[in-house]
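Remarks on the structure that follows.
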Amino acid sequence: MSTNLDTGEARARVLAEALPYMQAYENKTVVVKYGGHAMGDATLGQAFARDVALLKQSGVNPIVVHGGGPQIGRMLAQMGIESRFEGGLRVTDEETVKIVEMVLAGSINKEIVALINAEGEWAIGLCGKDGNMVFAEKAHKTVVDPDSNIERVLDLGYVGEPVEVDRTLLDLLARSEMIPVIAPVAPGRDGATYNINADTFAGAIAGALEASRLLFLTDVPGVLDKSGELIKELSVAEARGLIRDGTISGGMIPKVETCIEAIERGVEGVVILNGKTRHSVLLELLTEHGAGTLIVK
Ligand SMILES: Nc1ncnc2c1ncn2[C@@H]1O[C@H](COP(=O)(O)OP(=O)(O)O)[C@@H](O)[C@H]1O
Ligand SMILES: CC(=O)N[C@@H](CCC(=O)OP(=O)(O)O)C(=O)O
């Protein structure tokens, strides 16, 4: 399938080729996690919005969950605050969580909404607070010191784990013209606001909805093997093996672990793919060979 979807004629041709695949996803929920690294430039953002709009127009129920780690980092730097991460999560104090909410639920969320609306659709920007959608609890993470082998409890401040997802609002929106665009910020029952890793948040939403597909848009083509080649399909057991033998490392570990959890909660398949490839969402869903790594039970 050509990736040129930017003229009416090309789009009509591509859509005709993609019809059988589209029918397979009709009325199905597809959660797309749009990572901060995948956001790139204006044309990439527009291509992403066009893909999401085309899914909705084809009868699919797309839900966007976005990140924005690099953008939060830039805003904090402008304010003279240094970003600090432990175990891949941003240490988030009271001042930082306000900035995280401002950047994620404010500027990035509304930019994505505007991009999708510019494609003729109706996007609605939300976070976990809206419609009591997600409640979080303070994350309790530990790390093992490699030198002493002693386990240390991390205090990450206002970093949360989603513990309750109420699908009422999302079910309502699925029956409407609206496309939900959700920022990974949620309240706690303790009244605090929590910053949640966007992969974790997307996994929780997809799990609660038992989505057909959960797509993670990142900055690599998918899960790569030891020689750097793309692995097209992995079972949960094979993915665990690649983490154990060190093939999967760094930020890919929590991502693949989130994929495994989502599958265990009832998501049919999870795909890790390159958000920097134009129209990667449509290429994944609407072509025979897909675009990234599909992880299935
Ligand atoms: N086997 C692997 N295949 C692909 N990427 C890997 C692998 N092992 C580690 N990585 C790293 O994981 C990164 C993706 O994770 P991360 O940076 O957390 O993504 P994002 O910020 O988009 O959520 C890649 O850029 C790559 O450096
Ligand atoms: C707790 C935690 O680390 N939260 C993340 C939320 C944004 C995110 O996950 O964005 P990406 O998907 O672009 O990385 C953060 O503050 O950066």
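Here the structure is a predicted model, which means the values were calculated and not measured. Hydrogens, waters and symmetry mates are skipped; everything else that's a heavy atom, side chains included, is used. Residue numbers count from 1 along this sequence. First listed ligand is number 1; within each ligand, the first listed atom is number 1.
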In the hydrophobic clustering that connects Ile, Leu, Val, Met, Phe, Trp and Tyr at side-chain heavy-atom distances below 4.5 Å, which members other than V91 occupy its cluster, ordered by chain and number?
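Members besides V91, by chain and number: L89, V143, L154, L156, V159.
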In the hydrophobic clustering (ILVMFWY, side-chain contacts below 4.5 Å, transitive), which residues join L224, or is it alone?
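Hydrophobic cluster check, L224: joined to L230.
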List the steps and the verdict of salt bridge (Lys or Arg N to Asp or Glu O under 4.0 Å) for K255 and E261.
CA-CA 10 Å; K255 203 179 289 301; E261 272 169 41; over 6 Å; no
With atoms numbered from 1 as shown, which atoms in ligand 1 lie under 4.0 angstrom from a non-hydrogen atom of [X]?
X: G222; value: 3 (N), 4 (C)
X: G251; value: 15 (O), 18 (O)
X: K33; value: 23 (O)
X: T247; value: 1 (N), 2 (C), 8 (N)

What do you reckon, is CD of E86 surrounded by more than 12 foreign heavy atoms closer than 6.0 Å?
yes
For E137, look at atom CD and say whether over 12 heavy atoms of other residues, nucleotides or ligands are found less than 6.0 Å away.
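Count not over threshold, so no.
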The reported gap from CG in N195 to CG in L104 (rounded to nearest 0.5 angstrom) is 6.5 Å
Just how far is it from atom CZ of F48 to atom CE of M39, taken to the nearest 0.5 Å?
8.0 Å
Can you tell me which portion of T218 lies within the under-4.0 Å heavy-atom range of ligand 1? Options are side chain, backbone, both, or neither.
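It is both backbone and side chain that touch ligand 1.
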Determine whether the side chain, the backbone, both or neither of H37 has a heavy atom under 4.0 Å from any heavy atom of ligand 1.
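It is the side chain that touches ligand 1; the backbone stays farther off.
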Of all the non-hydrogen atoms in the protein, which one sits nearest to [atom], and at what distance?
atom: atom 25 (O) of ligand 1; value: D219 OD1, 3.1 Å
atom: atom 9 (C) of ligand 1; value: S249 O, 2.9 Å
atom: atom 3 (N) of ligand 1; value: L224 N, 2.9 Å

In terms of side-chain heavy atoms, does T168 have a donor or acceptor partner in D171 at a distance below 3.5 Å?
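Side-chain D/A pair, T168 to D171: absent.
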Distance-only polar pair, side chains of S280 and N274, donor-acceptor under 3.5 Å:
no
Is the closest basic N to carboxylate O distance between E161 and K141 below 4.0 Å?
yes
Per-ligand residue contacts, ligand 2, heavy-atom threshold under 4.0 Å:
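Around ligand 2, where the cutoff is 4.0 Å for heavy atoms, the contacting residues are K33, G35, G36, G67, G68, G69, P70, I72, L89, R90, V159, N195, I196, N197, A198.
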Does any part of the side chain of F216, heavy atoms only, come nearer than 4.5 Å to the side chain of V270, both counted from C-beta?
yes
Student check: side-chain heavy atoms of I99 and V103 closer than 4.5 Å:
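Side-chain contact under 4.5 Å: yes.
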Counting heavy atoms only, which of E229, K255, M252 comes nearest to atom 10 (N) of ligand 1?
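It is M252 whose heavy atom sits nearest to atom 10 (N) of ligand 1.
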Please state which option from L217, V220, L242 has its nearest heavy atom closest to atom 24 (C) of ligand 1.
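Among L217, V220, L242, the closest heavy atom to atom 24 (C) of ligand 1 comes from V220.
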Per-atom contact, atom 21 (O) of ligand 1, protein heavy atoms, under 4.0 angstrom
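It does; a protein heavy atom is within 4.0 Å.
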Does the protein put any heavy atom within less than 4.0 Å of atom 17 (O) of ligand 1?
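No, no protein heavy atom sits under 4.0 Å from atom 17 (O) of ligand 1.
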Listing request: all salt bridge (charged side-chain N to carboxylate O under 4.0 Å, His left out) pairs with a residue in residues 18-46, at least two apart in sequence or in separate chains.
K33-D199
Please check whether V223 reaches ligand 1 - meaning an N/O of the residue sits under 3.5 Å from an N/O of the ligand, judged on distance alone.
no
